Amino acid sequence: MKYIYSKILFLFIITSCLSQNIDSKEDIKFVHLTDIHVTEGNENDFLLQKIIKEINESTNEFVVITGDLTNRGDDEELNHVYAILSSLKIPYHIISGNHETTWSESAGLTYKRLWGADRFVFSKGDYLFVGFPCGPYMKMGDGFVKKEDLLFLDKTIKDSLNGNLKKVLSFSHYPLDNSLSNYKEVLSVLEKYPTVANFCGHGHTLKEYNFSGLSGIMGASITSRDGKTKSYNEVIIGNDSIRIYKKELDKPSVFKFSISSQPSKIEIVDDEINQLFEPFIADIASIYSVPSFDKKNLYFANSLGQIQSVNLKSKISNWKIETANSIYFTPTIVKSTLVVGTIEGNILGFDKDTAKERWNISVGGVLVGAPIVEKNKIYTASSTKFICVDAVTGRMIWESKLPLSYSQGKPLIHGNTIIFGSWDTFLYCLNKTTGALLWKWNNGNEKQELYSPGNVNVVASNKRLYFVTPQRFLTILDLNTGKTLLRTSKWKVRESMGKSQDGKWFYAKTMDGELLRLPLSDNLELTEENLVSQSKVLDLKIGYEHNPAPILEKNGKIYVGSRKGEVVIVDANKFEIIKVIKLGSSSINGFSIDEKGSVWTSLIEGGIYLLE
């Protein structure tokens, strides 16, 4: 009996030990860096280098970085951050932030060259770590996850789990809430899997969130908002919880909060307005320009670098051209040639019927704008040149060594001049025949690039030039000399502007979601008081706004696009809202008109719509 009892006791001890070994797994310890905002020589530059040294001396296993590596996203800053991060002695995984994607000098090519794809996936212990980028891309807008990145997220998690019992930790720059315009689509993917939490940045503050039931952890930036605290975030994943610590330089880590290590229960509230329109085209990728037309076909390009022709009657694809990288340039028809610019710095001419390449010009820089055409000549800017090309033959007629940064708006032809803005802080006026510089203007501050007229479609009367910029000023110049006639911040206008069909009115959208109307008259007395007395403001009922889409008037109707996928149609005579159309969740790119005079638009999420 004693022998049997001893044997049972021995087996119990063995079983208990095995059970403890199974249940108690080693903790996973890593660093979460976000919003490091490095410019060479600034405080964060030296701070990041100190943080890297401290991490190298720690017991952390890897680093995850969730974007905003730089301030301007230019090549110099990106290369510098890459060099600093290269001194890490443990692996790191990285995604971009809006400061890399919104104002990228190379339209994303330098980031891609340094870090490869802007995504990551890896396994550690019982967890699958997956990171995805959010945008916005190459223009002001809300955060947005490209359609192809949503597909990546879904397929990658599905393939990686493949029946195993791992849990998912997701990483993004933006929090998965209203600051990300299609956050519900992201959550719809994550809810299909055992997702525990989402780590993000953007808000610069260490904070616990609830993203529709999904646990959220916003990491602190390396410098606090008041500039007093220098810290980063440490994470320890244990058996039952994920513990978040604040790590100030040269100080011990301080525990801040913990979340459960069990999968979250995501519940998405569907409160979207029913869409009034089905898209004419729902593409597989994001679209960043408006479509172009001939009598039978529609032409567009997407973020996968595909250029496509679709029959307007049958909606069947005529052909598709594959290029290497995202296209932001507006494809443009000139007779039988389709002209497209690339971020590799080439401008290409294709036979619009066969897709055969007719000519290819290496311009340099990046081409991300909307060209203007006159008499078979196409005028457009890269980030290093402004060019005039015979669109039929591909012959370079002239080139100017301006601008010094990229240009996204559509140039204005006025008489024998051509006027365009750039992200180098300047607005330029060139001789249309020779490309010679006639004048250039800036706001007096050549260092604040983010106030530049880089994405504006300027408007002119006979002698005056009207435009608005991210600095929130309305500016009126003498068209012949570039001399400033008036600058006012009376209205919070920003980039989005247009002109009435009869040329009598200037339109601009305010950041409060209003439509401003001013007379376009060379005889108007230019004082702020007089402008205010002549102005009219209409509340568009769309709230806070920063979408730069140009405003269009056609057949007595004004078309205004929002950051949230809305098109507001206004009666031009009564200056009253006719209707608001909800098309989707992402920014309106602008408007274009087909051969029949119908108005079209496109959304960043990949939809092309026939409006009226």
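Since the structure is predicted, the reported quantities are computational estimates derived from the model, not experimental observations. Computation of the quantities below employed the complete heavy-atom set of this structure, encompassing side-chain atoms and omitting hydrogens, waters and symmetry-equivalent molecules.
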(message) For a quick check under 3.5 Å, do S586 and E605 share a side-chain donor-acceptor pair by atom type?
(response) yes
(request) Could you check whether the rings of H37 and H204 sit parallel, tilted or perpendicular, using 30° and 60° as the cut-offs? (result) tilted
(message) Under the rule for ring-ring contact (aromatic ring centres under 6.0 Å, His included), what residues qualify as partners of Y111, not counting sequence neighbours?
(response) W115
(request) Mark yes or no for whether N445, through its side chain, and Q448, through its backbone, hold a donor-acceptor pair below 3.5 Å. (result) yes
(request) Decide if atom NZ of K207 counts as having more than 12 heavy atoms of other residues, nucleotides or ligands within a radius under 6.0 Å. (result) no
(request) Find the distance between CG (D118) and NZ (K146) and round it off to the nearest 0.5 Å. (result) 8.5 Å
(request) Compute whether any side-chain donor of one residue and acceptor of the other, for N547 and K564, lie under 3.5 angstrom apart. (result) no
(request) Name all residues meeting the ring-ring contact (aromatic ring centres under 6.0 Å, His included) criterion together with Y127; count only those two or more places apart in sequence or in a different chain, and write none if there are none. (result) none
(message) Are the side chains of E208 and I259 in contact, using a 4.5 Å heavy-atom criterion?
(response) yes
(request) Check whether any side-chain heavy atom of K112 lies under 4.5 Å from a side-chain heavy atom of N325, and answer yes or no. (result) yes
(request) Report, as yes or no, whether the 6.0 Å neighbourhood of atom CZ on F280 holds more than 12 heavy atoms from other residues, nucleotides or ligands. (result) yes
(message) Within the 3.5 Å criterion, strictly below it, is a donor on H546 or Y544 matched to an acceptor on the partner's side chain?
(response) yes
(request) Determine, stepwise, if the pair Y328 / Y137 fulfils ring pair (Phe, Tyr, Trp, His ring centres under 6.0 Å). (result) CA-CA 9 Å; Y328 300 96; Y137 294 89; 7.5 Å; no
(request) Output yes when R243 and D27 qualify as a salt bridge under the 4.0 Å nitrogen-oxygen rule, no when they do not. (result) yes
